[in-house]
Amino acid sequence: MANCTVGAGVLSLPFAFQATGLVGGLLLCSVVATIEGLTMYVLSKFAERYRAHSYVELVRRALGRKLSLLLSGVLVVAMFGACVAYLIILGDNLSSLAAAAGLPALLANRQHIVGFLGLCVMLPMCLPKNLGALAAMNQIAVLGFLVGAAMVSFRGLQIALQRPDLMAGVRLFELNYDSLFAIPIVVFGFNCHAMVVSIFQELEPAPGLLLPAVLPSSPSAFRRYRYLPRPDSRKLVGMLGVIMSSTSLVLLAYAIVGITGYLAFPGHVSSNILVSFPQNDPLVQVARGTISLIILGSYPLTHHPARAGFQHLVRPRAASAAAVAAPSPLSEPLLEPSQDPSVGVSPYVSIGFTLAFVLGSTAVAEVVTDLGFVLHLLGGLCITFIIFFLPGLLLINAAILKYARTVLSEVESEADAYAAQAIDTDGPREGVLIRMPSLNGRELTQPLLTKLQTAREKGIKKGLIYAPRLSWLFGITLLIISILVAGVTLVTVILGD
């Protein structure tokens, strides 16, 4: 789980701490990590209920084909933005390394480096259908980012300790317009929701507990807690331990990088912390080189699922006819995990997408040099939709389904009893309204009954219905959070610094 979380976002955390203050940054990271951890559990819970093997498949089963196509499109855009961020980091790092090595200005020019990498390095690496040996880079990439971040944190702490007053220029809390820029960056940093469903399906049915001192081993032990997650299986208990431990480790690593980077350069931290250090610092140069090598492999690894998502969008409807019908949670999986997403898609279309993807990300990275701006835009729009909005809809949908089925079951029982009583007395009377305690005394009119009957089969796909359940309230809260974060992002992008 931590492998999917740690990435380029770690380099912008000191910038986020500068915008919110030392303690403010810690609080923001803690709150975001907690909420995102809860939404990861939500995705895992519904993945088990619907027997889904991927996020897209889960959304298709629970919320319908249109939203699954929208999710595929958002994932493609998010991965495009991540590749732009990779090229920005490469341009900053390699231009600094070239200048420190005394290379001619032509070779050390950032735009020339980005253009060369995009056309001559990334494009050939992204064209093959299968990544082969690059697949192992996912594990190495996390280690490389952590090693590079550790070097940067060590050097940042050394710089901070050289000042007579360690806290000079450091603010504990910062709440102003600039603080709004930090929220989407931190949201982006803790994101790994696109892979949560796949990770959950890889767990054993009864995995070992990572936190046995904190989590009870039996799902029934969670029933006594009303406001805490209540897993239905040992597998979900194990996944809860994975989420808690990985999120805690990532939070600790991010806090160290954010604090040391902010302490080193209070008041003037760059959105890419590596840019704030001198070009001739040998330890930081090693960190730049390490992270650059990792990104060279991470770019094609990020492009590959983006191409798969695009193929899902353009695949002919006949090639995915099984995905049109909304199956019940107990039906068989719609897609096998090993199914080739390129089935039914012309290879020329896939090559055209790769060309557009690489050339487009290279062109954007040539123009945009602010890593924080890219992460801010991605975190506030695309990632917010993935980690807040869709889990909120899943919770609301589940609450509506359960509420509608419960109420209609009571209505049917009441109707049966009334019919039996009418037969024994004067016969059925027309126009009688049924009062149900579950509706707090509201009369069940025919329009309301029709809505509930539709909701029992279709859930939220046929409209929003209030369901007095905690899952409905939490889902609405997640929708509000996603809308607020997206709104803050749009306002800050429009108004600028």
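Reckoned from all heavy atoms, side chains included, excluding hydrogens, waters and symmetry mates.
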* Under 4.5 Å between any side-chain heavy atoms of Leu394 and Leu58, yes or no? -> yes
* Taking atom types as modelled, is there a side-chain donor on His268 or Ser276 under 3.5 Å from an acceptor on the other? -> no
* Structure fact -> d(Leu94 CG, Leu107 CG) to nearest 0.5 Å is 12.0 Å
* Taking Ser361 for its side chain and Phe80 for its backbone only, find out whether a donor-acceptor pair lies under 3.5 Å. => no
* Answer yes or no: is there a donor N or O on one side and an acceptor on the other, between the side chain of Ser95 and the main chain of Asp92, under 3.5 Å? => yes
* Structure fact -> NE2 (His304) and SG (Cys126) are apart, to the nearest 0.5 Å, by 10.5 Å
* Without swapping roles, check the side chain of Tyr262 against the backbone of Arg171 for a donor-acceptor pair under 3.5 Å. => yes
* To do: Decide if atom CG of Leu175 counts as having more than 12 heavy atoms of other residues, nucleotides or ligands within a radius under 6.0 Å.
  => no
* Between CD1 on residue Ile383 and CD1 on residue Ile185, distance to nearest 0.5 Å -> 13.0 Å
Please report, to 0.1 Å, the donor-acceptor pairs under 3.5 Å made by any side chain of residues 282-289, with sequence neighbours excluded.
{"residue": "Gln285", "atom": "OE1", "partner": "Arg288", "partner atom": "NH1", "Å": "2.6"}
{"residue": "Gln285", "atom": "NE2", "partner": "Gln279", "partner atom": "O", "Å": "2.6"}
{"residue": "Arg288", "atom": "NH1", "partner": "Ser96", "partner atom": "OG", "Å": "3.4"}
{"residue": "Arg288", "atom": "NH2", "partner": "Leu274", "partner atom": "O", "Å": "2.6"}
{"residue": "Arg288", "atom": "NH2", "partner": "Phe277", "partner atom": "O", "Å": "3.3"}

* Asked: Strictly by modelled atom types, are His303 and Thr354 linked by a side-chain donor-acceptor pair under 3.5 Å?
  -> yes
* Qualifying residues under ring pair (Phe, Tyr, Trp, His ring centres under 6.0 Å), relative to Phe474, sequence neighbours excluded -> none
* Asked: With a 6.0 Å cut-off on ring centres, are Phe310 and Phe353 close enough?
  -> yes
* CG on Leu240 to CE on Met40, rounded to 0.5 Å -> 10.5 Å
* Is a donor on one side and an acceptor on the other found under 3.5 Å between the side chain of Arg60 and the backbone of Ser68? -> no
* **Any donor-acceptor N/O pair, Gln18 side chain to Pro266 backbone, under 3.5 Å** => no
* To do: Decide whether His53 and Ser198 meet the rule of one side-chain donor and one side-chain acceptor closer than 3.5 Å.
  => no
* Asked: Do any N or O atoms from the side chain of Tyr55 and from the backbone of His193 form a donor-acceptor pair under 3.5 angstrom?
  -> no
* **Set of ring pair (Phe, Tyr, Trp, His ring centres under 6.0 Å) partners for Tyr41, sequence neighbours left out** => none
* Could you tell me whether the side chains of Ser350 and Gln311 share a donor-acceptor contact shorter than 3.5 Å? => yes
* Heavy-atom donor-acceptor pair, Thr384 side chain to Gly379 backbone, under 3.5 Å -> yes
